[in-house]
Amino acid sequence: MANPTPPSPTPVIPSGFQNPPVLTQIQSKVRRLTRSPSEAQLTTQDLNNYINTFVVYDFPEHLRTFNLRTNFTFFTNPGQDVYPTDIASFGIAINNPLYNFQNLILTIHPPVYIAGFQSFFSQSPEQFFGIYPKVNSIALIGTSGDGITTTFTGTNKH
């Protein structure tokens with residue numbers, strides 16, 4: 001039996017190797033795949049938007065690498081249940097972790113910690129409010145009415 005050929009110390013690049021595709025090559029391929037070769041069928045602006053959307057949102061969804069995950073931390077305020085996550089709401093406060101959240105954070109994965117304790121995590125409003133229902137009630141309105149006053153003050157509890 002003959003000895004097998006040892007591996008080459010330098011990598012061999014196949015002759016068909018190409019440089020990464022440029023935008024014009026991607027546009028051409030997408031036009032062929034969608035059978036929309038003309039500008040009238042698919043404008044270049046729409047095509048570029050589709051390509052950009054795929055690269056920014058869909059591609060990372062298909063190619064999820066664990067080592068690219070990072071911890072996300074932000075602080076909440078008592079009694080506040082909704083937080084703005086768009087750019088316009090923050091003005092120049094770009095150091096806020098929720099600034100541009102919609103474009104910077106693609107997905108959130110468990111575990112989720114609140115005050116250092118692992119908490120329930122759900123992306124389904126039905127599941128979340130099934131466990132933690134929205135309850136509105138007025139408490140502390142006083143002990144008795146006078147028969148005349150129709151406006152009462154109290155504490156709104158959510």
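Because only heavy atoms are used, hydrogens play no part in the values below, and waters and symmetry mates are left out as well, while side chains stay in. Keep in mind that what you see is a predicted model, and the values were worked out from it rather than measured.
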Checklist entry - Considering residues at least two apart in sequence or located in another chain, which fulfil the ring-ring contact (aromatic ring centres under 6.0 Å, His included) criterion with F129? => result none
Next on the checklist: Regarding T44 and E39, do their side chains bring together a donor and an acceptor under 3.5 Å, going by distance alone?
Outcome noted: yes
Next on the checklist: Pair Y50, V30 - check side chain to side chain contact (heavy atoms under 4.5 Å, CB included), show working.
Outcome noted: CA-CA 10 Å; Y50 295 145; V30 171; over 6 Å; no
Quick one: does any side-chain atom of [X] pair with a main-chain N or O of [Y] as donor and acceptor, under 3.5 Å?
{"X": "Q123", "Y": "I108", "result": "yes"}
{"X": "R31", "Y": "I26", "result": "no"}
{"X": "T53", "Y": "N49", "result": "yes"}

Next on the checklist: Between S124 and E126, does the side chain to side chain donor-acceptor pair (under 3.5 Å) criterion hold? Intermediate values first, please.
Outcome noted: CA-CA 5 Å; S124 164; E126 292 83 12; 3.3 Å; yes
Next on the checklist: Run Y132 and F128 through ring pair (Phe, Tyr, Trp, His ring centres under 6.0 Å) and show every step you take.
Outcome noted: CA-CA 6 Å; Y132 306 106; F128 182 83; 5.1 Å; yes
Next on the checklist: Apply side chain to side chain contact (heavy atoms under 4.5 Å, CB included) to residues N48 and Q27 and explain how you reach the verdict.
Outcome noted: CA-CA 8 Å; N48 289 343; Q27 289 170 334; 2.5 Å; yes
Next on the checklist: Tell me which pairs pass side chain to side chain donor-acceptor pair (under 3.5 Å) where either residue lies in residues 70-79, with sequence neighbours left out.
Outcome noted: N77-Q80
Checklist entry - Just wondering, are more than 12 heavy atoms of other shown residues or ligands nearer than 6.0 Å to CD in Q118? => result yes
Checklist entry - Hey, what's the ring geometry for F59 with F54, parallel, tilted or perpendicular (30° and 60° as the breaks)? => result tilted
Checklist entry - Does V112 share a hydrophobic cluster with L98, counting links as ILVMFWY side-chain heavy atoms below 4.5 Å and allowing steps through other members? => result yes
